[in-house]
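The chains referred to below are lettered A, B, ... by the order of the sequence lines, with proteins before strands, and numbering in each begins at 1. In this text the structure is predicted, and so the values were computed from the model without any measurement.
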Amino acid sequence: MKIATWNVNSVRARLAAVEAWLREARPDVLCMQEIKSTDDTFPAQAFEDLGYNCAVHGQKTYNGVAILSKRPIEDITRGLPGPDGDEQARYIEALIPGDTGMVRIASIYAPNGNPLEAFSGKVGTGFPPETATKQKNETGKFAYKLDWMKRLKAHAEGLLALKEPLALMGDYNVIPADIDCHDPAVWANDALAQPQSRAALRAIEHLGFTDAFRAQTAAAGHYSFWDYQAGAWQKNRGIRIDLILLSPQALDRMTACTIDKPVRGGEKPSDHVPVVCELNI
DNA sequence: ATGCCGACAGGATGTCGA
């Protein structure tokens, strides 16, 4: 079974590119993030025409995750357990039957977490009303990121106990290590590279997950994201933040894991590229 | 020091991303 994850940066803006990639790569499962669509505006028909079933957890304008599958999509769960009032659509999970067994798959869009500090930017004139607004808008993004990762860890722990093939795949918004970054100094003050962010990811991995790509190679210089700005793609200034975390039962069936780098050079590309994994299931 | 680019909502330009 060929499974993939791709932060498409708007499924509607990216529809032609996603359709083209599905025709070429023919994955059995594609987890998408940042679809930036509600369930109503999600272009399900286009994917159904290519032979895919769709499970969507959408949101207007921001975030949004989905799972496409050539096989049936069963036991769908939308959202992580957590406090009421978290309206951000960042998690969808389902059970997919393979030829020889089931695999549980989650499409994950972890929070970015920037800016790091409440007053990292301008605070206007400093009058109390503006200060209060700035504080309200900018406080807590990094805290939300770390809290969300804790919620993911708690949920992942329960899933691991099922002892079944499991793939938690998506945009983790964490640069796991310096070798996953073109220039660590550039990202040193970014939420994606903070020690707390890396610790939050490690804490999940230490439950018993393996970074599928890192099971294949220890080499530096493999990225999944290149900023649209400042010629980052042309200069290969990228970072690897799109990960496939596998349970032991999934890892033992893995035969390949690759990053489809050329997609970044395509027509009207996303700033992320697909990460693909082959499982003997 | 900040913007660079791109998508969105809405109908100008601010918000957000990483």
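- Between A/W233 and A/W226, the ring planes lie perpendicular to each other; the angle is over 60°, past the 30° to 60° tilted range.
- Between A/S10 and A/E34, the side chains place no donor N or O within less than 3.5 Å of an acceptor N or O (distance only, hydrogens not considered).
- When each of A/V18, A/V11, A/V65 is paired with A/I35, the side chain to side chain contact (heavy atoms under 4.5 Å, CB included) condition holds for A/V11 and for no other.
- Closest to the A/Y228 side chain, of the nucleotides B/dC5, B/dA18, B/dC8, is B/dC5.
- Per the geometry, CG belonging to A/N63 stands 13 Å off P belonging to B/dA9, to the nearest Å.
- In this structure, A/F225 places its CZ atom 12 Å from P of B/dG17, rounding to the nearest Å.
- Counted by atom type alone, A/E164 and A/S247 present zero donor-acceptor pairs between their side chains at under 3.5 Å.
- Between A/R14 and B/dG6 there is no side-chain polar atom (N or O) within less than 4.0 angstrom of OP1 or OP2.
- Candidate nucleotides B/dC4, B/dA7, B/dG17 were compared by shortest atom distance to the side chain of A/Q229, and B/dC4 ranks first.
- One interatomic measurement links the two molecules: CG of A/D190 to C1' of B/dC16, which rounds to 14 Å at whole-angstrom precision.
- Distance CZ (A/R264) to P (B/dC5): 13 Å, rounded to an integer number of Å.
- Using P as the reference atom, B/dC4 and B/dG14 are 12 Å apart when rounded to the nearest Å.
- Heavy-atom nearest nucleotides on DNA chain B were determined for A/R12 and for A/R90, and the one closer to the 5' end corresponds to A/R12.
- Between the CG atom of A/N7 and the C1' atom of B/dG17 there is a distance of 9 Å, rounded to whole Å.
- Of the P atoms belonging to B/dG10 and B/dC16, the separation is 15 Å, rounded to the nearest Å.
- Rounded to whole Å, the distance from CD1 on A/I241 to P on B/dG17 is 12 Å.
- Across B/dT2 and B/dA12, the matching P atoms stand 30 Å from one another, rounded to whole Å.
- Distance alone, capped at 3.5 Å, places no donor-acceptor pair between the A/E93 side chain and the A/A106 backbone.
- A donor N or O paired with an acceptor N or O is found under 3.5 Å between the base of B/dA18 and the side-chain atoms of A/N112.
- Here A/D271 lies out of heavy-atom contact (under 4.0 Å) with every strand.
- Between B/dG6 and B/dA1, the two P atoms lie 27 Å apart (nearest whole Å).
- An OP1 or OP2 oxygen of B/dG6 is reached within less than 4.0 angstrom by no side-chain nitrogen or oxygen of A/S10.
- Of the possible donor and acceptor atoms, none in the side chain of A/T210 sits under 3.5 Å from a partner among the backbone N and O of A/L246.
- The residue A/R237 sits apart from the nucleic acid: no heavy atom pair falls under 4.0 Å.
- Rounded to whole Å, atom C1' of B/dA7 lies 13 Å from atom CG of A/D227.
- Listed nucleotides: B/dA18, B/dA9, B/dA7. Nearest to the side chain of A/W187: B/dA18.
- Ranked by how close their nearest DNA chain B nucleotide is to the 5' end, A/A230 and A/N9 are led by A/A230.
- As rounded to whole Å, 12 Å separates atom P of B/dC16 from atom NZ of A/K36.
- Among the protein residues, A/Y109 comes within range of the sugar-phosphate backbone only, with heavy atoms under 4.0 Å from sugar or phosphate atoms but none that close to a base.
- Residue contacts for A/K145: at a heavy-atom cut-off of 4.0 Å it reaches no nucleic acid atom on any strand shown.
- Neither OP1 nor OP2 of B/dG17 sits under 4.0 Å from any side-chain N or O of A/H272.
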